[in-house]
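Every heavy atom of this structure was used, including side-chain atoms; hydrogens, water molecules and symmetry mates were not. In listed order, ligands and their atoms are each counted from 1.
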Amino acid sequence: MSTENSRDDKDAQTPSDFSRREVLLTLGGLGAAVGGGAATWGGLELMVNSRQTIDSWNKAVCRFCGTGCGVMVGMKDGRVADVRGDELAHNKGVICIKGSMLPELTRIKGRLTSPKIRKAGKLMDASWDEAMGLVAAKFSESIQQFGPDSVAFYGSGQLFTEESYTANKLFKAGIRTNNVDGNPRLCMASATTGYVSTFGKDEPPGCYADADHAQCFFLMGSNAYECHQPIFERIRQRKRLNPDTVIVCVDPRRTKTAEHSDIHLPVIPGTDLLLLNSMAFVIFSEGLQDQRFIDKHVLFSNGEHIVDQAALVQFLQSYAPESVEHELGVSAADIRRVAYLFAKSPATMSLWTMGVNQRTQGTFLNNMLNGLHLITGQIGRPGATPFSLTGQPNACGGVRDTGALSHALPNGRLVANPQHRLEMEKIWNVPEGTISDKPGFDAVNLFRAMEDGRVKAALIMCTNPGASLPAAARYNAAMGKCFTVVSDVVEDSETQRHAQVVLPAALWIEKEGVTGQGERRYQFTPKLLDPPGQARSDLQILADLAVRLGHDKLITARTPQAVWDEWREVSSHSLYNFKGITYERLAKERGLQWPCPTEDHPGTARRYVEGVDPFVTKGTGMEFYGNYNYDKKALVYLRPYVPSPEKTSAEYPLYLTTGRVLEQFHTGTLTDRIAELHQATGNAMFDLNPQDARMLGVNPGDYIEVKSKYGSVIGKARTTEVSRLGVIFAAFYDAKLLINRAVADNYDPTSKQPEYKVTAVSVKRMTA
Ligand code: SF4
């Protein structure tokens, strides 16, 4: 059943947010940081007090999430005294509590200041020369004895673009292995495979500004209120200005996003492809499709070959709302109502994130979300767009676009495509046949290869897979079997406990570089501070490794700007073309969205649209030019629902799902070290529905053991109506809980993205 929120309910939940915002705005254009908890308010007051004495304000980008908020960094006596939202940036001055705490980020305790080498079981200080000499020797030895595929790079959507690009080039064109992957595999791989198979090209076609025009928002598997707050604020602003706007939230939990939506569909975990297929059924059976758009711009595919529209309609017959409502947990009437709203709204914007992507059917779900927009023509107009939000600040620009993934090459090229390899060999000026035709190991399989000895040496940069991988105990042990090198900013992560060498890295404004956020916008962060002790940028570390491994003639660009200039030149040979995005422009402008082929091009807010996207042929209106094999039309797929391998049973009767909370980012290595943010969240707990708790004999504050086939975790329980009956939730920021030890080790067969959102578990109250 859906839950409908009355206006009164929502207003009752918001006044503290808005009084806080109003006060801040009155105090002189300060970014409207919005958050919960007294710690937030305290932090913001500090910012306000310090504003009178700033030496200089500097344009930068928030270090944390994929919203990629523009911020102004206030420097005083060589320290960061203040950070506020940048009113001229896409986020219009709005930042969340994490962004408001950026000054504290520059002073977190426990920074790594010296390289370390493990000796007699302990990490001991070493010189850079000693540490890098050892890394290079171990990598060379492994490559010589076991071949290039015995080494690997595991990166991050938090590295600068220049760093991910350099790592990708060094490993694929220098060392000659495609064992390059990283944590974006864990958060957005299904969005990528969904976009590529639908439109022929990765990345969202729309932009955040579409939220200013949409009249129906369809949020699925996204707690944007907490995880992409400025975007959700924009949605709420749209609703305030245009009360006819409808917000629909699809989520098993009654999250803050669900609370602030008009309609909440609390689906049973793992079943929501039934919802999307059923909405498509309703759209065709009620004649709600946009047939003119379909005829002009759409083809249908069963995944193997093109079929006709009748085949799709026939396929959808088994998804009638009345047939799926029981398994889905949403009434047929609600499915029909939402299908109608989606199709008939003047402009519908879908937004989704990990609830959709972190699934064994993640690619199929992405296909169907894109497909709903295509069959209803809800694309290519302001406010009408399928938009996958991304989690990390540079997963899009740094990793997806540079092709720093095991199957990929820059700008949408694929390792498996001989023409693409040849193109990159020419561009990188390396002999034909240099790039291996064998895709490397994706994230999970990389750690499995470390486990069984196929990968013997790995460089892990700017991420903490010891806490972020599913079945974490298994993959922590795998790292211990390999020569693991970790570059990181703070000491003592779960990953470092298995490392042989740890390298101290610069953080955020201690280095300069470019990040590409979720709407194809590249933005520049300047260097404003020196890194502590001997810490270096990851680009310096990679350049040093390249030289020591004998690839100095390949990796000639060793400063951020030199790498960026090379990278934008590489892009000019593709339909990503952003040659016009120079460092000079980035320093002045509030980011630019690609394609942007020339220095006088304004950037592309909406892709595939004539008059906006430079690659669309005049007179076509819209053109999905990535699908040149399909007459430049987009593909709508027939995607059958298959239940998750994690089905509840007598032994494991509940579903565990995991996620983020407002005040914490990723595995908490940075945010949980900021006192105010730690104070706001405390240690992570298990959220149980009160009815489940009663049946299990669990009281709030009890310790419980949550056990799956993959592992067990003990933590404190609390009860909340946020959790749907039968669903237990834990946030993954807290290393003490380390919930990923219990998360299932399943992944989508196409995207290879793990299914964090569906694990069957048992719950037992601890007596001692
Ligand atoms: S954490 Fe994300 S939403 Fe918050 S200020 Fe930073 S970029 Fe914006």
Is the distance from atom 6 (Fe) of ligand 1 to some N, O or S atom of C69 under 2.8 Å?
no
Who's the nearest protein heavy-atom neighbour of atom 5 (S) of ligand 1, and how far?
C96 N, 3.5 Å
Interfacing atoms of ligand 1 (cut-off 4.0 Å, heavy-atom, K98)
1 (S)
For ligand 1, indicate whether the residue P393 contacts it via side chain, backbone, both or neither (heavy-atom separation under 4.0 Å).
neither
Tell me, with the steps shown, if F160 and W508 meet ring pair (Phe, Tyr, Trp, His ring centres under 6.0 Å).
CA-CA 9 Å; F160 280 143; W508 189 43; 9.9 Å; no
Measure from atom 6 (Fe) of ligand 1 to every heavy atom in G391, S100, C62, C227 and give the option owning the shortest one.
C62
Backbone N/O of N394 and side chain of T515: donor-acceptor pair under 3.5 Å:
no
Looking at R536, K527, R111, which one forms a salt bridge (Lys or Arg N to Asp or Glu O under 4.0 Å) with E510?
R111
Numbered in order shown, the ligand 1 atoms found under 4.0 Å of a heavy atom of I95 are 5 (S)
Any carboxylate oxygen within less than 4.0 angstrom of a Lys/Arg side-chain nitrogen, looking at K511 and E163?
yes
G99 neighbourhood, listing ligand 1 atoms whose heavy-atom distance to it stays under 4.0 Å:
5 (S)
Answer yes or no: is there an ion pair linking D272 with R359, defined by an N-O contact shorter than 4.0 Å?
yes
Ligand 1 atoms in contact with F64 (distance to a heavy atom under 4.0 Å)
1 (S)
Are any side-chain N or O atoms of N91 and backbone N or O atoms of P230, one a donor and one an acceptor, separated by less than 3.5 Å?
no
Starting from atom 2 (Fe) of ligand 1, which protein heavy atom do you reach first, and at what distance in Å?
C65 SG, 2.3 Å
For G68, counting its heavy atoms only, list the atoms of ligand 1 lying under 4.0 Å from any of them.
7 (S)
Show your reasoning for whether ring pair (Phe, Tyr, Trp, His ring centres under 6.0 Å) applies to F578 and W567.
CA-CA 9 Å; F578 48 82; W567 171 222; 5.3 Å; yes
Between R238 and D212, is the closest basic N to carboxylate O distance under 4.0 Å?
no
Provide the number and element of each atom of ligand 1 under 4.0 Å from a heavy atom of P230.
3 (S)
